[in-house]
Asker: 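Shown below is the structure under consideration.
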Amino acid sequence: MYLFSGFLLGFLGSLHCIGMCGPIALALPWKSRSKAIFAAKQFLYFISKATAYALLGLFTGLIGDTFRFFGLQQAISIAIGVIMLLIGIASLFKPGILLKLKFVDRIFSGLRSLFSKFLKSNNPASFTVIGFLNGFLPCGFVYLGLGSSLISGSAMESALFMFLFGIGTVPALLIASLLPSMLKSRGRLSAHKLIPVLSIIFAVLFILRGLNLGIPYLSPKMNAKMPHTGKENPVNCCN
């Protein structure tokens with residue numbers, strides 16, 4: 001169920017992806033005389049983008065493993081929930097607040113310059129590079145996904161969560177590349193509202209999870225691990 005939520009989160013955020021990544025998808029030279037080459041371009045772009053998300057998930061998963069090693073999984077779940085709650089509330093009043101940060105703008109500018117070099121090429125291999133780089137673009141939904149992957153059961157599970165997150169964004173972006181008129185739809189302009197709403201929902205779920213209330217699915221009991229041993233701490237487990 002947890003891994004499926006990665007796909008679901010990516011799918012729900014796909015409307016936002018049309019507004020954020022749609023112009024990039026539209027700028028790519030998709031057209032080809034061969035249907036096989038056209039399909040290969042689509043596959044390489046989307047699979048490399050999902051792979052980039054998986055690598056980010058692996059990184060956050062390793063951080064999560066460190067917290068679990070020291071028995072801090074409950075604390076980190078609550079901390080992430082509080083941070084996401086604050087970001088969600090702030091985004092309601094100031095949409096795109098994360099993208100306005102200077103370091104985020106620098107990352108975006110650097111990646112954009114790299115995009116321009118590969119956009120001129122019609123080589124299918126260039127679609128792999130562009131898709132991979134696209135996965136590192138600053139995006140509120142990606143940050144939301146990474147926050148969710150941080151409290152997974154393992155680093156590999158976190159990577160798989162983010163890979164499925166990337167696969168979940170494929171349908172909308174695929175349609176956008178085939179039907180450019182979607183990028184002009186007024187409906188996508190309100191897609192940014194999904195980020196603060198989902199951030200607040202997930203924030204509440206993370207806080208409930210960290211509180212260890214014993215509520216199935218919402219706040220299940222966590223078996224705390226003693227530092228350096230990996231053995232269950234009977235005191236914490238019996239809370």
Asker: Using modelled atom types only, decide if a donor and an acceptor are shared between the side chain of S77 and the backbone of Q74 within a distance under 3.5 Å.
Answerer: no
Asker: For T128, check side-chain contact (heavy atoms from CB on, under 4.5 Å) against everything at least two apart and list the hits.
Answerer: L44, S48
Asker: Report yes or no: does S158 contribute a side-chain atom to a donor-acceptor pair with the main-chain N or O of S149 at less than 3.5 Å?
Answerer: yes
Asker: Kindly write out the residues that satisfy side-chain contact (heavy atoms from CB on, under 4.5 Å) with V82, not counting sequence neighbours, or none if the list is empty.
Answerer: I78, L86, I207
Asker: Out of the candidates I167, N134, V170, only one should pair with F46 under the side-chain contact (heavy atoms from CB on, under 4.5 Å) rule; please name it.
Answerer: V170
Asker: Going by salt bridge (Lys or Arg N to Asp or Glu O under 4.0 Å), name the pairs with one or both residues in residues 140-151, residues two or more places apart or in two chains.
Answerer: none
Asker: Sequence neighbours left out, what passes ring pair (Phe, Tyr, Trp, His ring centres under 6.0 Å) with F67? Give chain and number order.
Answerer: none
Asker: Could you state whether F161 and M156 fall into the same hydrophobic cluster, counting links through intermediate Ile, Leu, Val, Met, Phe, Trp or Tyr residues with side-chain heavy atoms under 4.5 angstrom apart?
Answerer: no
Asker: Within the 3.5 Å criterion, strictly below it, is a donor on K49 or Y45 matched to an acceptor on the partner's side chain?
Answerer: no
Asker: Partners of I200 by side-chain contact (heavy atoms from CB on, under 4.5 Å), sequence neighbours excluded?
Answerer: L85, I89, L92
Asker: Residues two or more places apart in sequence or in another chain: which of them pass side-chain contact (heavy atoms from CB on, under 4.5 Å) with L55?
Answerer: F132
Asker: Through direct or indirect side-chain contacts below 4.5 angstrom among Ile, Leu, Val, Met, Phe, Trp and Tyr, which residues connect to L62?
Answerer: none
Asker: Could you work out, with side-chain hydrogen bond (donor to acceptor under 3.5 Å, both in side chains) as the rule, every residue matching T51, not counting sequence neighbours?
Answerer: none
Asker: Does the side chain of F202 come within less than 4.5 Å of L9's, by heavy atoms?
Answerer: yes
